[in-house]
Amino acid sequence: MEIQEHSVTTYRVWDPVVRWFHWINVLAVIALSAFGTAILFSKELGMTNDGKVLLKVLHVSCGYVFAANLLLRVVWAFIGTPHARWRALLPSVRALGQGEWRERRQYIGHSPLARVSVTLMLAVLLAMACTGLVLAGTDIYFPPLGPWIAEWVAAAGVAPADVLPYRPDLVDAAAYREMLAFRSPFVLVHEYGFYVLMVLVVGHIGGVAVSEVRNGGALVSAMFTGRKLLSKPPEDG
Ligand code: HEM
């Protein structure tokens with residue numbers, strides 16, 4: 001069988017900040033999802049309170065790396081290279097409206113459909129980072145909010161710095177109930193955000209695979225090398 005070779009042109013697209021962000025984010029999300037799932041099923045796993053605290057400390061430690069990495073990416077979207085900026089990331093109503101995405105076109109940056117997927121993922125990741133930081137404070141009294149939360153719930157005669165998770169004897173019952181009511185919407189968003197993120201991640205991996213098979217471009221290796229290989233003149237050239 002004859003395989004027709006097309007000549008390809010190499011385009012620089014993803015700068016080192018984008019590539020490091022992407023792979024650190026992948027590793028952090030895998031670790032956070034694994035620890036998070038264990039937290040969700042801690043009762044079924046028969047974990048002790050000390051075991052749960054350890055899981056949460058590990059989850060939150062990965063969470064800080066994840067949140068700092070995400071913050072850097074958001075800043076980079078304002079000041080970075082052209083393909084890293086919001087203009088190249090946020091969905092283009094014009095491209096979607098004209099149905100450009102249905103045709104086999106090649107792009108140096110994201111395709112119109114990929115922009116929608118990336119924007120949704122960034123929004124959910126930001127929601128996970130913000131709610132996670134609130135939970136770190138309200139659950140195990142970790143920074144940035146932990147010291148204030150401990151001050152809020154500490155029982156009379158207990159120093160806020162001595163308040164510990166799973167120690168009802170160290171907290172004021174009424175203040176603790178109020179604090180639980182305050183944190184409950186954050187728990188809800190964090191948990192459902194996790195489910196939505198898992199769906200988006202599957203869509204993202206599937207989308208990359210389909211696009212690579214249909215349109216080429218060496219998308220996966222581009223996230224390592226920074227370069228795409230295109231056989232047609234790109235739409236966003
Ligand atoms: C993509 C990122 C993240 C994923 C996929 C994720 C996933 C999860 C899941 C599945 C749970 C268990 C559900 C629940 O108990 O509500 C959880 C709980 C938790 N997460 Fe995350 N998380 C992420 C980011 C973060 C960050 C950035 C932090 C803080 C720095 C954080 C702090 C916490 C805490 C403290 C809990 C325990 C909450 C509780 O048991 O009430 N998470 N996370």
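Numbering of ligands and ligand atoms starts at 1, following listing order.
An N or O contact shorter than 3.5 Å links Lys56 to ligand 1 by distance. Not one N or O of Tyr64 is nearer than 3.5 Å to an N or O of ligand 1, by distance alone. Residue Glu191 places no N or O, backbone or side chain, under 3.5 Å from any N or O of ligand 1. Considering both main-chain and side-chain atoms, Ser33 never comes within under 3.5 Å of ligand 1 through any nitrogen or oxygen pair.
Per-residue contacts place Leu135 under 4.0 angstrom from the following atoms of ligand 1 (heavy atoms of the residue considered): 34 (C), 35 (C), 38 (C).
Atom 21 (Fe) of ligand 1 sits nearest to atom NE2 when only the N, O or S atoms of His190 are considered.
The protein atom (non-hydrogen) at minimum distance from atom 7 (C) of ligand 1 is His59 CE1, 3.6 Å.
Using a non-hydrogen distance threshold of 4.0 Å, Lys52 does not register as a contact of ligand 1.
The proximity of Phe66 to ligand 1, defined as any non-hydrogen pair under 4.0 Å, is limited to the side chain.
Here the two rings, on Trp152 and Tyr176, have centers that are 6.0 Å apart or farther. Here Phe78 and Trp86 bring their ring centres to under 6.0 angstrom of each other.
Ring orientation note: the planes of His190 and His59 are nearly perpendicular, at an angle over 60° on the 30°/60° scale.
With rounding to the nearest 0.5 Å, the separation of CZ in Phe142 from CG in Leu135 is 13.5 Å. Note that CD1 of Ile140 and NZ of Lys52 are 13.5 Å apart. Values are rounded to the nearest 0.5 Å.
Other residues, nucleotides and ligands contribute more than 12 heavy atoms inside 6.0 Å of the CH2 atom of Trp23.
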